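Read the structure below first, then the notes.
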Protein chains: 2
Amino acid sequence: MRLSGGVEWALHCCVVLSRGVEEPVPVARLAELYDVSPTYLAKHLQSLAADGLIESVRGKRGGYRLTRSAESITVLDVVRAIEGDGAAFVCTEIRQRGPCAAAAEDCQRACSIARVMIAAEEAWRSALRDVSIRDVADDVDRVAGKGALTRMRSWLAAAPSIGA
Amino acid sequence: MRLSGGVEWALHCCVVLSRGVEEPVPVARLAELYDVSPTYLAKHLQSLAADGLIESVRGKRGGYRLTRSAESITVLDVVRAIEGDGAAFVCTEIRQRGPCAAAAEDCQRACSIARVMIAAEEAWRSALRDVSIRDVADDVDRVAGKGALTRMRSWLAAAPSIGA
DNA sequence: GTCCAATTACTCGGATATCCCCTGTCCGAGTCCACGAGG
DNA sequence: CCTCGTGGACTCGGACAGGGGATATCCGAGTAATTGGAC
């Protein structure tokens, strides 16, 4: 059980995009900020756009920007956009197989093992749902210093590749 | 993010093994009970044995049996034995990369995003740790009928392939 | 000076290879049980 | 009748292929800004 590495990228992107929603930021710029593969990051941002978390602006001076306020986007929203809605544990109903199989009419409720796993996943989802991108951004300000995020956001807005 | 299918098999095996600890049960018999691949199930049971949850008895009339009481084995123990101890979310510290990288001395605490993910995983683990194999077995008795598990355990103990 | 239109440069978007881990399988090492011979 | 040794069959254990999804990449579709000329 391992999450895609794109989850980390997407979360960092959403956090930095939550500072100043004015103008869109191209993928190449975000990739340069974090020193990651631009094309692969693009793939993940497309997933976020497909779920309506960010919107794309095409053409010159285009890019991505958040569609709604950072308060209304939860960490779970981002994780689900990247990883999909599928549950981690999938019950194959092996209790209904083999020589001691349970009768189908006795299996209307989910099996005991599946219920435990589902409850645990719900606890996981709940923890992620309780934290918004805004909360994370505030925490970054608290840990890394008040101006760190704003400085990164300003760098994104600056003309690309001048100093390089 | 998806768990290995072996988790389901291993949990069912531990539950049925918790009924009557007298004599070991061979892998082939367990595989026949659930109608799954014997060799692949063996691989997973080896993982359980490596973590000390079950012990192997070699030779004729050998097999696997639980090493301790079902109360002292948690669902989390089984999941960790199959999936390993690694965290689902791995922080690659991209905050320390790129042109706006944070200084290393400012990163002694885990980054805000990683903390959220770690806390969620801890909630997931906690939910799995709160349920023992004994609890699951009792719930199976409650749902599938009091004698279902005992009947399966008796079938395991019976001489193999008589009726077939 | 103003308007318009073609050009251009920059952006996203989906289709395309590559790699690694999970799935699934196999044969060899090890061990207990059974049986038979000898005392 | 009891003991011991040998054989056999059954078990686990780790080493060996195949497949699917994540990783990483590329080129084409689309759009806004620019720029040049005409009025």
Side-chain angles (χ1 to χ4, degrees), chain A residues 1-10 13 17 23-32 34-65 67 79 81-84 86 88-90 92 94 156 159-161, chain B residues 1-10 13 17 23-32 34-65 67 79 81-84 86 88-90 92 94 156 159-161:
Chain A
M1 171 189 156
R2 196 170 123 247
L3 279 76
S4 163
V7 171
E8 182 186 14
W9 299 3
C13 286
L17 284 178
E23 50 190 17
V25 178
V27 179
R29 197 86 180 133
L30 282 166
E32 192 182 355
Y34 292 123
D35 189 24
V36 297
S37 161
T39 53
Y40 192 33
L41 177 61
K43 189 176 187 63
H44 292 305
L45 294 188
Q46 283 172 30
S47 298
L48 294 184
D51 271 31
L53 301 181
I54 60 179
E55 64 182 353
S56 68
V57 179
R58 303 183 72 152
K60 211 166 187 177
R61 309 218 6 121
Y64 285 105
R65 77 183 137 202
T67 56
V79 173
I82 301 294
E83 289 287 325
F89 179 85
V90 284
T92 61
I94 66 177
L156 286 176
S161 305
Chain B
M1 172 189 153
R2 195 169 125 249
L3 278 76
S4 163
V7 171
E8 183 186 15
W9 299 4
C13 287
L17 285 178
E23 51 191 17
V25 178
V27 179
R29 196 84 180 135
L30 283 165
E32 192 182 355
Y34 292 124
D35 188 26
V36 296
S37 162
T39 53
Y40 192 33
L41 177 61
K43 191 177 185 63
H44 292 306
L45 293 188
Q46 283 172 29
S47 298
L48 294 185
D51 271 31
L53 300 181
I54 61 179
E55 64 183 353
S56 67
V57 179
R58 303 183 74 151
K60 212 168 186 176
R61 311 224 355 129
Y64 284 105
R65 78 183 136 203
T67 55
V79 173
I82 302 294
E83 290 286 326
F89 179 85
V90 284
T92 61
I94 65 177
L156 285 176
S161 306

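Protein chains get the first letters and strands the later ones, always in sequence-line order, with residue 1 at the start of each. All values below were derived from every heavy atom in this structure, side-chain atoms included, with hydrogens, water molecules and symmetry-related copies excluded. Model, not experiment: these values are computed from the prediction.
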**Chi angles and distances behind the side-chain contact (heavy atoms from CB on, under 4.5 Å) call for C13(B), L41(B)** = CA-CA 10 Å; C13(B) 287; L41(B) 177 61; 4.0 Å; yes

**Prompt:** So do the side chains of Y64(B) and R29(B) get within less than 4.5 Å of each other, counting heavy atoms only?
**Reply:** no

**Interatomic distance, M1(B) CE vs dC21(C) P [rounded to whole Å]** = 19 Å

**Asked** Separation of D51(B) atom CG from dG13(D) atom P, in whole Å?
**Response** 13 Å

**Prompt:** Should Y40(A) be listed as having a side-chain N or O under 4.0 Å from OP1 or OP2 of dT25(D)?
**Reply:** no

**5′-ward residue of the pair V25(B)/S4(A) relative to DNA chain D** = V25(B)

**Message:** Return whichever of K60(A) or L45(A) has its heavy-atom-nearest nucleotide of DNA chain C closer to the 5' end.
**Reply:** K60(A)

**Asked** Is the shortest distance from a Lys or Arg side-chain nitrogen in E55(A) or R65(A) to a carboxylate oxygen in the other one below 4.0 Å?
**Response** yes

**Interatomic distance, L3(B) CG vs dT23(C) C1' [rounded to whole Å]** = 15 Å

**Request:** Please work out if T39(A) contacts a base, only the sugar-phosphate, or nothing of the nucleic acid, heavy-atom cut-off 4.0 Å.
**Result:** base

**Asked** Given atom CZ of R2(A) and atom C1' of dA22(D), what is their separation to the nearest angstrom?
**Response** 9 Å

**Item:** Point-to-point distance, once rounded to the nearest 0.5 Å, from OG1 of T67(A) to CD1 of I54(A)
**Value:** 8.5 Å

**Message:** Does dG13(D) have OP1 or OP2 under 4.0 Å away from a side-chain N or O of S56(B)?
**Reply:** yes

**Fill in**
Assert: residue with more 5' nearest nucleotide on DNA chain D, out of W9(A) and Y64(B), is Y64(B)

**Request:** Select from G6(B) and R58(A) the residue whose nearest nucleotide in DNA chain C is closer to the 5' end of that strand.
**Result:** R58(A)

**Message:** When you measure from the side-chain N and O atoms of S37(B) to the phosphate of dT23(C), is any distance below 4.0 Å, counting only OP1 and OP2?
**Reply:** no

**Prompt:** Given dC12(D), is OP1 or OP2 found less than 4.0 Å from the side-chain N or O atoms of Q46(B)?
**Reply:** no

